[in-house]
Amino acid sequence: MRKPLLFFTLVFVFMSCGSGKKVDKEILDEVNKSMEIKRVNEVDIINKALEWGDEISLEAQQELMSKLQQAIEEKGAAGAVEFCNVQALPSLQKVSEAFGVNVRRVSHDFRNPSDQPTADEEQLLLAYEYNEEHGIKSKPNVQEVQNGEQLLYTKAIKIPGALCLQCHGEPKADISEETLQTINSLYPEDHAKGHKIGDLRGMWSILIPKKEVVKKL
């Protein structure tokens with residue numbers, strides 16, 4: 001759309017010059033504006049991806065937690081496990097589609113096998129685990145993947161409070177027998193028990209098209 005605007009504006013300018021009329025400053029300003037090339041560098045892109053990733057991960061967290069709390073209130077912790085089994089992935093898909101990205105929760109202590117890390121995610125998850133083991137504070141991270149066409153935003157997920165221990169804490173101490181039976185029934189390969197408040201649960205993994213980040217600059 002910008003090229004036709006520039007073409008007709010330039011034609012008008014040239015016609016004005018040819019007729020001896022004074023060229024309007026506003027027209028010249030519009031020509032200059034149309035000819036501007038937006039310059040961005042890699043730092044700008046990474047910072048915008050971090051900002052956007054923070055927004056998306058917060059939206060995803062709120063989407064899941066609000067529905068989990070509702071499930072617990074209506075059916076108890078066992079009901080929350082059933083919700084996760086059926087609705088967790090569709091809830092994240094809803095956020096993914098809203099932002100035009102791919103949102104995942106990734107963990108070595110997975111409950112759903114689909115949450116295991118990909119090759120691109122593996123080293124980043126190991127880095128978060130290393131930081132956790134050595135008392136180093138982890139910050140959100142952005143890496144280029146797929147030949148630079150995609151940006152992978154990651155952020156540590158920690159156990160925030162006692163509510164989460166009803167499904168991810170110590171069996172029988174934090175997790176009721178009923179909930180434990182539900183977990184074992186729905187997730188026979190479960191690795192997500194035995195956590196304490198503040199433990200690393202895994203990480204957010206958000207794959208963002210680089211071109212979409214550039215558009216936001």
Side-chain angles (χ1 to χ4, degrees), residues 50-96 98-99 101-117 121-122 124-141 153-206:
L50 282 167
E51 179 185 320
W52 201 22
D54 287 343
E55 178 188 349
I56 297 169
S57 61
L58 179 60
E59 178 74 18
Q61 180 76 11
Q62 291 174 341
E63 174 74 15
L64 287 177
M65 289 305 296
S66 63
K67 291 183 176 179
L68 274 173
Q69 289 174 339
Q70 182 179 351
I72 290 174
E73 290 171 3
E74 294 176 355
K75 300 180 180 180
V81 174
E82 293 173 350
F83 160 80
C84 285
N85 182 253
V86 177
Q87 294 296 331
L89 291 180
S91 293
L92 292 183
Q93 182 62 29
K94 175 184 174 183
V95 177
S96 296
F99 287 92
V101 299
N102 184 36
V103 181
R104 282 167 36 84
R105 291 181 301 173
V106 178
S107 180
H108 287 133
D109 299 327
F110 59 87
R111 176 153 287 168
N112 189 326
S114 66
D115 292 339
Q116 295 179 76
E121 295 163 339
E122 176 67 21
L124 294 165
L125 181 55
L126 287 172
Y128 284 116
E129 292 174 347
Y130 177 90
N131 287 351
E132 181 72 11
E133 291 172 5
H134 293 82
I136 302 171
K137 184 177 180 181
S138 293
K139 296 180 180 180
N141 183 275
Y153 168 95
T154 57
K155 179 182 178 182
I157 299 175
K158 292 199 171 188
I159 300 289
L163 182 69
C164 298
L165 298 184
Q166 294 182 46
C167 297
H168 295 289
E170 292 291 341
K172 298 184 179 179
D174 302 307
I175 306 175
S176 70
E177 186 63 36
E178 178 190 6
T179 303
L180 190 60
Q181 289 178 3
T182 303
I183 292 171
N184 292 337
S185 173
L186 296 176
Y187 300 101
E189 299 180 57
D190 177 58
H191 294 269
K193 297 185 289 288
H195 287 293
K196 299 183 292 294
I197 294 173
D199 280 359
L200 182 70
R201 177 71 188 88
M203 72 180 190
W204 286 109
S205 171
I206 305 176

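FYI, side chains are in, hydrogens and waters are out, and symmetry mates aren't considered; it's all heavy atoms of this structure. Numbering of residues begins at 1 and proceeds along the displayed sequence.
- Annotation: the span from L165 atom CG to I197 atom CD1 amounts to 5.0 Å, rounded to 0.5 Å.
- To the nearest 0.5 Å, atoms CD (E132) and NZ (K137) are separated by 12.5 Å.
- Taking all atoms of both residues into account, the shortest heavy-atom contact from A60 to V103 is CB-CG1, 4.1 Å.
- Side-chain contact check for M203 versus R105: every heavy-atom pair is 4.5 Å or farther apart.
- Here the side chains of D174 and Q166 are not in contact, with every heavy-atom distance at 4.5 Å or above.
- Side-chain contact between S57 and I206 is present, with at least one heavy-atom pair separated by less than 4.5 Å.
- Counted by atom type alone, N141 and Y128 present zero donor-acceptor pairs between their side chains at under 3.5 Å.
- Under 3.5 Å, the side chains of S176 and T179 contain a donor-acceptor pair of N or O atoms.
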Task: Derivation of the side-chain contact (heavy atoms from CB on, under 4.5 Å) call for W52 and V101 - done: CA-CA 11 Å; W52 201 22; V101 299; 4.2 Å; yes

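- Proximity of F99 to E55: side-chain heavy atoms (C-beta onward) are separated by under 4.5 Å at one or more points.
- Under the 3.5 Å distance criterion, the side-chain polar atoms of T154 are left unmatched by any main-chain donor or acceptor of W204.
- Residues F83 and A71 approach most closely at CB-CB, 4.1 Å, considering heavy atoms.
- Residues L68 and C84 approach most closely at CD2-SG, 3.5 Å, considering heavy atoms.
- Here the CG-CG distance, from L50 to D54, works out to 6.5 Å after rounding to the nearest 0.5 Å.
- The two atoms that bring P117 and S107 nearest to each other are CD-O, 3.8 Å, heavy atoms only.
- When all heavy atoms of C167 and I175 are compared, the closest pair comes out as O-CD1, 3.6 Å.
- With no hydrogens or angles considered, no side-chain donor-acceptor pair links E73 and Q69 at under 3.5 Å.
- Proximity of a side-chain donor or acceptor of H168 to a complementary backbone N or O of C164 within less than 3.5 Å is not detected.
- At least one side-chain heavy atom of Y130 sits less than 4.5 Å from a side-chain heavy atom of I136.
- Donor-acceptor pairing under 3.5 Å is recorded for the side chains of N112 and S114.
- With values rounded to the nearest 0.5 angstrom, Q87 atom CD is found 10.0 Å from E63 atom CD.
- In this structure, H195 and D109 have side chains that are in contact, with non-hydrogen atoms separated by less than 4.5 Å.
- The heavy-atom pair separating K67 from S91 by the smallest distance is NZ-OG, 3.6 Å.
- Other residues, nucleotides and ligands place more than 12 heavy atoms under 6.0 Å from the CD atom of E177.
- Separating the OG atom in S185 from the CG atom in N85 is a distance of 9.0 Å, to the nearest 0.5 Å.
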- [ ] Begin from the C-alpha positions of R111 and E189 and carry the test salt bridge (Lys or Arg N to Asp or Glu O under 4.0 Å) through to its verdict.
- [x] CA-CA 7 Å; R111 176 153 287 168; E189 299 180 57; over 6 Å; no

Open item on the list: R104 vs E121, test: salt bridge (Lys or Arg N to Asp or Glu O under 4.0 Å). Steps then yes/no.
Closed with: CA-CA 10 Å; R104 282 167 36 84; E121 295 163 339; 2.8 Å; yes

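- Two residues are said to be in side-chain contact when any heavy atoms from C-beta on lie closer than 4.5 Å; I56 and Y153 fail this criterion.
- Here the side chain of D199 pairs no donor or acceptor atom with the backbone of R201 at under 3.5 angstrom.
- Ion pairing between a basic and an acidic side chain is recognised when a charged N comes within 4.0 Å of a carboxylate O; K196 and E170 show no such pairing.
- Residues forming a side chain to side chain contact (heavy atoms under 4.5 Å, CB included) with K139 (at least two apart in sequence, or on another chain): none.
- To the nearest 0.5 Å, atom CD of residue E59 and atom CG of residue L92 are 11.0 Å apart.
- A donor atom on one side chain and an acceptor atom on the other are found under 3.5 Å apart for H108 and E122.
- Side chains of S138 and N131: a donor-acceptor N/O pair is present below 3.5 angstrom, by distance only.
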- [ ] Go through the steps to decide whether T182 and Y187 satisfy the test side-chain contact (heavy atoms from CB on, under 4.5 Å), and finish with yes or no.
- [x] CA-CA 8 Å; T182 303; Y187 300 101; over 6 Å; no

